[in-house]
Amino acid sequence: MRQQIAAANWKMNLTYQQGEELLDAILPATAGLNEHQRAIFAVPAPYLQMAVKKTDDYAKAFVAAQNFHDKKAGAYTGEISADMLHSIHVTYVVLGHSERREYFGESNAFLAAKVTTAIQEYITPIFCCGEPLPVREQGNQNEFVRVQLEESLFHLSAEQMERVVIAYEPIWAIGTGVTASTAQAQEMHAYIRSVLADKYGAATAEKVSILYGGSVKAANAAELFACPDVDGGLVGGASLVAEEFKVIIGALK
Ligand code: PGA
């Protein structure tokens with residue numbers, strides 16, 4: 001069975017102390033997860049080491065960086081390298097979040113380089129894709145997402161592709177309280193899997209976890225995760241509330 005994942009994306013929120021409290025409140029809820037399930041916490045960079053330390057006691061809890069740089073080292077003021085993450089035992093990185101694409105100009109080609117670095121360095125990329133509202137309104141969402149996948153992931157080998165986690169996050173659903181319907185989520189997730197199958201074969205496509213993101217909360221997580229091609233969620237706002245995220249972890253199939 002594919003990994004079922006509840007991933008928290010704290011974005012630029014919480015103080016260090018609030019982050020500690022939140023992890024302390026949530027982590028015990030990961031103790032009940034099985035071998036196919038995990039919780040991942042994408043915390044702000046200054047909290048990564050603290051989060052790694054706290055999750056050490058929980059076999060099903062992992063830490064992700066929210067971003068990193070594709071270059072190995074050098075004169076890139078303000079950036080974080082894969083080696084740095086490795087050295088503090090961070091095993092996941094979120095790449096291509098729509099906020100990085102929109103506010104920091106990250107292109108599909110730039111993200112392809114980051115994906116390569118992540119794979120080479122054995123840090124699992126949680127690769128985000130998803131269309132803006134006008135694209136959805138025109139019915140062109142499949143084409144839009146397919147190009148994102150092709151331009152940022154399809155240089156990978158099948159073996160490498162199996163080490164990628166994909167998060168489908170329709171931009172119109174992020175932070176808006178508007179969630180994709182289960183039908184919309186399942187339809188896109190099945191489409192993404194079919195695109196992977198066309199390129200890499202069905203066996204590889206079946207192994208890739210595809211998370212849904214966009215206003216996932218305690219009240220809708222179980223219904224979304226029950227969709228056959230939805231393998232969990234990437235959660236922003238609701239991941240900042242212990243009681244919400246604990247329910248979301250419990251909703252994994
Ligand atoms: P949201 O954010 O859950 O607050 O909509 C999701 C995300 O941006 O990953």
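Just so it is clear, the structure is predicted and the values come from calculations on it, not from any experiment.
E121 places none of its side-chain heavy atoms less than 4.5 Å from the side chain of L85. Two residues are said to be in side-chain contact when any heavy atoms from C-beta on lie closer than 4.5 Å; I80 and N67 fail this criterion. Q4 places a side-chain heavy atom less than 4.5 Å from the side chain of R2. In this structure, the side chains of V63 and L48 come closer than 4.5 Å at one or more pairs of heavy atoms. Between L14 and L22, the closest side-chain pair of non-hydrogen atoms falls below 4.5 Å. Between L234 and C128 the shortest side-chain heavy-atom distance falls below 4.5 Å. At a threshold of 4.5 Å between non-hydrogen side-chain atoms, the residues V178 and P170 do not count as touching. Side-chain contact check for K11 versus H97: some heavy-atom pair is nearer than 4.5 Å.
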Working for side chain to side chain contact (heavy atoms under 4.5 Å, CB included), residues M161 and I166: CA-CA 10 Å; M161 189 63 221; I166 293 175; 3.9 Å; yes
ring-ring contact (aromatic ring centres under 6.0 Å, His included) between F104 and F110, intermediate numbers included: CA-CA 11 Å; F104 303 96; F110 184 49; over 10 Å; no
Test side chain to side chain contact (heavy atoms under 4.5 Å, CB included) applied to D231 and F225, step by step: CA-CA 6 Å; D231 304 310; F225 298 173; over 6 Å; no
Verdict with supporting geometry, N142 and I192, side chain to side chain contact (heavy atoms under 4.5 Å, CB included): CA-CA 8 Å; N142 287 6; I192 290 172; over 6 Å; no
Worked check of salt bridge (charged side-chain N to carboxylate O under 4.0 Å, His left out) between E131 and R136: CA-CA 7 Å; E131 79 287 354; R136 167 71 57 170; 2.9 Å; yes
Step-by-step side chain to side chain contact (heavy atoms under 4.5 Å, CB included) determination, T91 to I123: CA-CA 5 Å; T91 48; I123 293 175; 6.0 Å; no
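The environment of NZ in K253 is crowded: more than 12 heavy-atom neighbours from other residues, nucleotides or ligands sit within 6.0 Å. Other residues, nucleotides and ligands contribute more than 12 heavy atoms inside 6.0 Å of the CD atom of E206. Open room surrounds CD on E187; 12 or fewer heavy atoms of other groups in view lie less than 6.0 Å from it. Counting non-hydrogen atoms of other residues, nucleotides and ligands closer than 6.0 Å to CD of Q49 gives a total of 12 or fewer. Counting heavy-atom neighbours within 6.0 Å of H155 NE2, excluding the residue itself, gives a total above 12.
Both V208 and M188 are members of a single hydrophobic cluster when ILVMFWY side chains are connected at heavy-atom separations under 4.5 Å. Both V93 and V90 belong to a common hydrophobic cluster when Ile, Leu, Val, Met, Phe, Trp and Tyr are linked at side-chain heavy-atom distances under 4.5 angstrom. A continuous path of ILVMFWY side-chain contacts below 4.5 Å connects L240 to V43, so both sit in one hydrophobic cluster. Hydrophobic cluster membership is shared by V216 and Y168, with clusters built from Ile, Leu, Val, Met, Phe, Trp and Tyr side chains linked at under 4.5 angstrom. Hydrophobic clustering places I88 together with F41 (ILVMFWY residues linked when any side-chain heavy atoms are closer than 4.5 Å, directly or through intermediates).
The backbone N or O of D229 sits less than 3.5 Å from a side-chain atom of R193, completing a donor-acceptor pair. Of the possible polar contacts, none joining the N140 side chain to the E143 backbone as a donor-acceptor pair under 3.5 Å is found. Distance alone, capped at 3.5 Å, places no donor-acceptor pair between the T30 side chain and the A61 backbone. With hydrogens and angles ignored, the 3.5 Å screen pairs a side-chain donor or acceptor of Y212 with a backbone N or O of G214. The main-chain N or O of A183 is never found under 3.5 Å from a side-chain atom of Q186 such that the two would form a donor-acceptor pair. A donor-acceptor pair under 3.5 Å links the side-chain atoms of S81 to the main chain of M84, judged by distance alone. No side-chain donor-acceptor contact under 3.5 Å links T182 to the backbone of E223.
Taking all atoms of both residues into account, the shortest heavy-atom contact from S239 to A8 is CB-CB, 3.4 Å. Shown here for P125 and I119, the closest heavy-atom pair between the two residues is CD-CD1, 4.0 Å. Between H69 and T117, the shortest heavy-atom contact is O-CG2, 4.4 Å. Nearest heavy-atom pair, W172 versus Q184, reported as atom, atom and distance to 0.1 Å: CH2-OE1, 3.7 Å. The two residues A6 and I248 make their nearest non-hydrogen contact at CB-CG2, 4.3 Å. Heavy-atom minimum distance, Y47 versus N13: CE1-O, 4.3 Å.
Rounded to the nearest 0.5 Å, atoms CG (L111) and SG (C129) are 11.0 Å apart. Rounded to the nearest 0.5 angstrom, M50 CE and K53 NZ are separated by 10.5 Å. Once rounded to the nearest 0.5 Å, the distance linking CZ of F62 with NE2 of H89 reads 14.0 Å. Between the CG atom of N108 and the CG atom of L153 there is a distance of 9.5 Å, given to the nearest 0.5 Å. Between I5 atom CD1 and I210 atom CD1 the span is 11.0 Å, to the nearest 0.5 Å. Put simply, NE2 on H36 and CD on Q3 are 8.0 Å apart, with the number rounded to the nearest 0.5 Å.
Applying the side chain to side chain contact (heavy atoms under 4.5 Å, CB included) rule to T124 yields the partners Y92, V165; only residues at least two apart in sequence or on another chain are considered.
Counted by atom type alone, E162 and T204 present one or more donor-acceptor pairs between their side chains at under 3.5 Å.
Ionic pairing of E244 and K217 is not present here: no N-O contact between side-chain nitrogen and carboxylate oxygen is shorter than 4.0 angstrom. Between E106 and R101 there is no salt bridge, since none of the side-chain N atoms of the basic residue sits less than 4.0 Å from a carboxylate O of the acidic one.
Note that R163 lies in the cation-pi zone of Y122, set by a 6.0 Å cut-off to the ring centre and a 45° limit from the axis.
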